[in-house]
Amino acid sequence: MSERLYLFTRFERFWHWAQAALIITLLFTGFGIRGVHGLVGFETAVRVHEAAAWLLIGLWVFAIFWHFTTGQWKHYIPTAERIGAMVRYYAHGIFVGAPHPYRITVERKHNPLQRLAYLGVKLVINPLVWVSGLLYLFWGSVRDSVPAWLGLEQVAGLHALGAFLMLAFLIIHVYLATAGHTPLAHIKAMVTGWEDVHDEGQVKHPPRAP
């Protein structure tokens with residue numbers, strides 16, 4: 001048994017894919033700036049990196065405004081309900097084709113672990129990348145105002161740490177996005193806005209490779 005729910009508005013879908021494109025651009029150019037790859041010239045990488053950063057900051061500011069004015073921020077409130085079941089599912093059940101223990105609704109779009117992960121991105125990773133990036137960009141103007149222990153090298157290190165945390169989240173997010181009742185179900189929902197929600201107690205998911 002299943003029902004079709006309209007879960008993601010046009011803005012949510014735009015925000016999701018625009019943010020993904022900008023983050024991937026920032027990661028690619030950032031690694032280029034640090035010499036990890038030579039697929040793009042240094043000056044070009046710097047220009048594209050700065051442009052993408054400003055666009056992402058603007059998108060984040062607007063998204064924060066949207067979340068609070070529409071009440072969508074409530075979807076990120078942490079909850080301990082069924083969190084143990086979710087941990088067991090992701091640690092073992094997903095690899096043996098067990099039923100998904102959480103059924104999404106319009107009022108509860110994200111399972112307990114998703115809520116914690118997304119909240120961590122919004123409260124830890126995003127601010128770390130944002131603040132360290134702005135400090136690095138405007139270091140010449142702000143270095144006399146920051147604590148003595150915080151030098152440009154530390155700022156660059158914090159920015160790189162934020163980038164690696166974002167990369168780790170991106171990889172895990174893409175992997176788990178294929179953990180629906182079909183590998184493309186969740187991805188399709190983020191394109192169309194509609195998700196077919198099945199009775200997870202009856203639907204077994206395809207086993208995942210360990």
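- Applying the 6.0 Å contact sphere to CD of Gln154 captures more than 12 heavy atoms from other residues, nucleotides or ligands.
- Applying the 6.0 Å contact sphere to CZ of Phe11 captures more than 12 heavy atoms from other residues, nucleotides or ligands.
- No donor-acceptor pair closer than 3.5 Å links the side chain of Arg115 to the backbone N or O of Thr79.
- Screening Gln114, Glu195, Gln72 against Lys109 for a side-chain hydrogen bond (donor to acceptor under 3.5 Å, both in side chains) leaves a single residue, Gln72.
- Using modelled atom types and a 3.5 Å distance limit, the side chains of Trp60 and Gln19 yield a donor-acceptor pair.
- Grouping the Ile, Leu, Val, Met, Phe, Trp and Tyr side chains by contacts below 4.5 angstrom, directly or via other members, places Ile171 with Ile23.
- Closest of all the heavy-atom pairs between Leu135 and Val155 is CB-CG1, 3.9 Å.
- Not counting sequence neighbours, His159 has no partner by the ring pair (Phe, Tyr, Trp, His ring centres under 6.0 Å) test.
- Of all the heavy atoms in Arg13 and Val191, the pair that sits closest is NE-O, 3.1 Å.
- Of the candidates Phe28, Phe42, Phe31, Phe28 is the only one forming a ring-ring contact (aromatic ring centres under 6.0 Å, His included) with His37.
- Side chain of Trp17 to backbone of Met190: a donor-acceptor contact under 3.5 angstrom is found.
- For His92, the NE2 atom is loosely surrounded, since the number of other residues' heavy atoms within 6.0 Å does not exceed 12.
- In this pair, His173 and Phe169 present their aromatic rings parallel. The plane angle is below 30°, not in the 30 to 60° band.
- A single hydrophobic cluster is not seen to contain both Val61 and Phe65; linkage of ILVMFWY side chains at heavy-atom distances under 4.5 Å, directly or through other members, places them apart.
- Contact detail for Leu27 and Ala163: the closest heavy-atom pair is CD2-O, 3.5 Å.
- Here the CE-CG distance, from Met166 to Leu161, works out to 11.5 Å after rounding to the nearest 0.5 Å.
- By the neighbour-count criterion of 12 heavy atoms within 6.0 Å, atom CZ of Phe164 is sparsely surrounded, having that number or fewer from other residues, nucleotides or ligands.
- Side-chain atoms of Arg82 come within 3.5 Å of backbone N or O of Pro101 as a donor-acceptor pair.
- Crowding of Lys188 atom NZ: a count of heavy atoms from other residues, nucleotides or ligands under 6.0 Å not exceeding 12.
- Connection of Leu123 to Val121 is established within a shared hydrophobic cluster, with ILVMFWY side chains joined at heavy-atom distances below 4.5 Å, either directly or through further cluster members.
- Ring-plane geometry between His67 and Trp15 is classed as perpendicular, the angle between the planes exceeding 60 degrees on a 0 to 90 degree scale with a lower cut at 30.
- Annotation: side chain of Ile94 is in contact with side chain of Leu176 (closest heavy-atom distance under 4.5 Å).
- Using bins of under 30°, 30° to 60° and over 60° for the plane-to-plane angle, the ring pair Tyr76/Tyr118 lands in the perpendicular bin.
- Of all heavy-atom pairs between Thr192 and Tyr6, the closest is O-CE1, 4.1 Å.
- For the residue pair Leu116 and Pro78, the shortest heavy atom distance occurs at CD2-CB, 3.9 Å.
- Sequence neighbours left out, not one pair with a member in residues 32-49 passes salt bridge (Lys or Arg N to Asp or Glu O under 4.0 Å).
- A continuous path of Ile, Leu, Val, Met, Phe, Trp and Tyr side chains, each step under 4.5 Å between heavy atoms, connects Leu5 with Tyr102, placing both in one hydrophobic cluster.
- Heavy-atom minimum distance, Ala52 versus Thr25: CB-CG2, 4.0 Å.
- If you run side chain to side chain contact (heavy atoms under 4.5 Å, CB included) between Leu158 and each of Val131, Leu128, Val129, only Leu128 comes through.
- We find the OG-CG distance between Ser132 and Leu150 to be 10.0 Å, quoted to the nearest 0.5 Å.
- To the nearest 0.5 Å, atom CD1 of residue Ile172 and atom CG of residue Leu167 are 9.5 Å apart.
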